[in-house]
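Reviewing the structure listed below.
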Amino acid sequence: MSEDTILDALEWFDEAESPPVLPLAEKARAVFGELVIDKRRYPMSQLGKRGVPAYVGEWVLEHIVPGDGMLTQEEQAKLREWADKYIPLPSDQNLIKHRLLSGEIVRVLTPVQVEITLKRHRQERVAVLSLLGIDDAQVRDDLVEKYPALLKQGMWGVVELVNTEDGVLVSSFKPMQASVNLELFKQARREFNLQEWRHLMLISMGYNPETLTEEEGTWLLCRLLPLVMKNMHLMELAPKGTGKSYLFENIHNRVRLVSGGNITPAVLFVNNATGQWGLLARFAVVVLDEVQRLRFEKPAEIIGGLKGYLANGRLTRGGLHETSSDCSFVMLANIALDTQQRPLHSSLLENLPEFLRETAFVDRMRGILPGWRVRKLSQRDFAHSVGLKADFFGEVLLALREDLSLDQYCARRIALENANAYKRNYDALVAIAAGLMKIQFPDGVVSDEEFDRYCVRPAREMREYVWRELQQLDAEYRQYDSAIQYKILPEE
């Protein structure tokens, strides 16, 4: 997938004496070319029911049935035929192993993770293909060197498998990868006005901006904050049906959504017995879904480790291992609402496990995203137009983490007015505002009014929800000013 089409389009727009006024879908295609897709096609494909996330499914669609509009019956039939051949179901594990045993070369679309064992009597590199029930496949050295992400969080791709005397071998691997040139992306932003760009971002996330209020659109865009900012630790509280987890399941393989099972110190931090680092060390974003339902083992150890990590980005467990990470940590939780669709309890954290309500932990969360202020989504609220392909969109968002120019811009321009202000409130305000700049104004071109309205005000609201909880739960925080008041400094 190439970005040459962006460069060609930008040159054409620059040379045109009077650039045409185009509907958003046409403008997106004119500027981004093959990097966009009709967002209706993935849900129609039913690939999600086969366990294929959108960032993989949209890649499949463009390679197998490229085109616009709703999938035709012929396209659906062609896609089903391809999926039956190359996307294995859990019940196909023995069938695939039988084909390998019979000497066939097998090609399938599957996630691949490479693990290294370095022990005195055992040193090896093996590929784990969990969907196929294979956890000890050989893998060629050049593939690991070419795709180092195989060693980190793993990658989705089309693998070629062959059985040898030494077991199954991954003989070739073709990943889903989009190239990203951040400067070209920033230039592309300038071809859209603010409303068009916000709408394009929302469509790319899978939403229909035409049915959303501006406020709802802003809160949905805030779900991107953990992707564009390092160590952006957030909590979203919302009723069921607002699509809290959909984005994180479908945006990038460096985002890990945990929606069930046991949460242990080994899973999050490090396994002291094996030395294998946990999720917070290996992913860019870790999301705990429906935290009220998760089973936390050794909660005191978990909350102690999280407090340290959220404060300074250091991961350790019992002092045996230590490393740093810029992974963002997100908790999603359901919240009870009254008949006016407002939080039922005075404390927003009422329904969380008690150990997650500890003020020293809550304080380290940058903000609370008020998901209850987004109405429950119906079919008409999901995207039915052209947006950025999920694989490209996810790569761009994560690339924005490395661009610190907007972090510095917000630090220069935001100040707290309170004489007795709390420093973590300022840090959170700057971080969230910088993230919203990256999402909406990645080129840094913004007016003071836009900066305040679309970046700083939402940032303050998100942090104020945390601040109110802290002051309600612990008198220690009442020594500071109760309100977060800020001012925007003139540019130097």
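What you see below is based on every heavy atom in this structure, not just the backbone, and it leaves out hydrogens, waters and symmetry mates.
Other residues, nucleotides and ligands contribute at most 12 non-hydrogen atoms within 6.0 Å of the CD atom of Gln379. No more than 12 heavy atoms of other residues, nucleotides or ligands sit less than 6.0 Å from atom CD of Gln195. Around CD of Gln73, the count of heavy atoms belonging to other residues, nucleotides or ligands within 6.0 Å does not exceed 12. Shown here is Lys186, whose NZ atom has more than 12 heavy atoms of other residues, nucleotides or ligands within 6.0 Å.
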Derivation of the ring pair (Phe, Tyr, Trp, His ring centres under 6.0 Å) call for His252 and Phe393: CA-CA 9 Å; His252 200 280; Phe393 188 43; over 10 Å; no
Test side chain to side chain donor-acceptor pair (under 3.5 Å) applied to Ser172 and Arg140, step by step: CA-CA 8 Å; Ser172 74; Arg140 285 175 24 202; 6.0 Å; no
Salt bridge (Lys or Arg N to Asp or Glu O under 4.0 Å) between Arg125 and Asp141, intermediate numbers included: CA-CA 9 Å; Arg125 178 191 297 111; Asp141 294 351; 2.5 Å; yes
Candidate pair Glu301 and Arg317, rule salt bridge (Lys or Arg N to Asp or Glu O under 4.0 Å), full reasoning: CA-CA 9 Å; Glu301 185 178 351; Arg317 186 179 171 210; 2.7 Å; yes
Val144 and Leu151: CA distance, side-chain angles, deciding distance, side chain to side chain contact (heavy atoms under 4.5 Å, CB included) verdict: CA-CA 7 Å; Val144 178; Leu151 293 165; 3.4 Å; yes
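For Tyr454 and Trp197, the gap between ring centers reaches or exceeds 6.0 Å. Aromatic pair His199/Phe192: centroids not less than 6.0 angstrom apart. For Phe173 and Tyr147, the gap between ring centers is short of 6.0 Å.
Considering only heavy atoms from C-beta on, Gln440 comes within 4.5 Å of Leu221 through its side chain. Contact of the Leu306 side chain with the Phe269 side chain is registered, since non-hydrogen atoms from C-beta on lie closer than 4.5 Å. Annotation: side chain of Tyr55 is not in contact with side chain of Phe392 (no heavy-atom distance under 4.5 Å).
A salt bridge links Asp38 with Arg40: the distance from a Lys NZ or Arg NE/NH1/NH2 to an Asp or Glu carboxylate oxygen falls below 4.0 Å. Between Arg373 and Glu215 a salt bridge is recorded (basic side-chain N to carboxylate O distance below 4.0 Å). Arg198 has no carboxylate O lying under 4.0 Å from a charged side-chain N of Glu214, or vice versa, which leaves the two without a salt bridge. Taking the charged nitrogens against the carboxylate oxygens, Lys389 and Glu34 have no contact shorter than 4.0 Å, which rules out a salt bridge.
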Between side-chain atoms of residues 78-92 and protein atoms elsewhere (two or more places apart, or another chain), which donor-acceptor pairs fall under 3.5 Å?
residue : atom : partner : partner atom : Å
Lys78   : NZ   : Ile64   : O            : 3.4
Asp84   : OD1  : Arg50   : NH2          : 2.4
Asp92   : OD2  : Leu89   : N            : 2.9

Show me the side-chain donor-acceptor pairs of residues 282-290 shorter than 3.5 Å, one per line, residues at least two apart or across chains.
residue : atom : partner : partner atom : Å
Arg282  : NE   : Trp277  : O            : 3.0
Glu290  : OE1  : Arg293  : NE           : 3.3

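Put simply, the side chain of His63 gets close to the backbone of Trp59: a donor and an acceptor are under 3.5 Å apart. Checking side-chain atoms of Lys27 against main-chain N and O of Glu191 turns up a donor-acceptor pair under 3.5 Å. Here the side chain of Lys39 pairs a donor or acceptor atom with the backbone of Leu388 at under 3.5 angstrom.
Gln292 and Asn351 form no side-chain donor-acceptor contact under 3.5 Å, judged by distance and modelled atom types alone. Between the side chains of Asn163 and Lys97, no donor N or O sits under 3.5 Å from an acceptor N or O. Side-chain contact check for Tyr246 and Arg223: no donor-acceptor pair (N or O, by modelled atom type) lies under 3.5 Å. Ser171 and Glu160 share a donor-acceptor pair across their side chains, judged by distance under 3.5 Å alone. Thr164 and Gln138 share a donor-acceptor pair across their side chains, judged by distance under 3.5 Å alone. Asp403 and Ser405 are linked by a side-chain donor-acceptor pair at a separation below 3.5 angstrom, with hydrogens and angles left out of the test.
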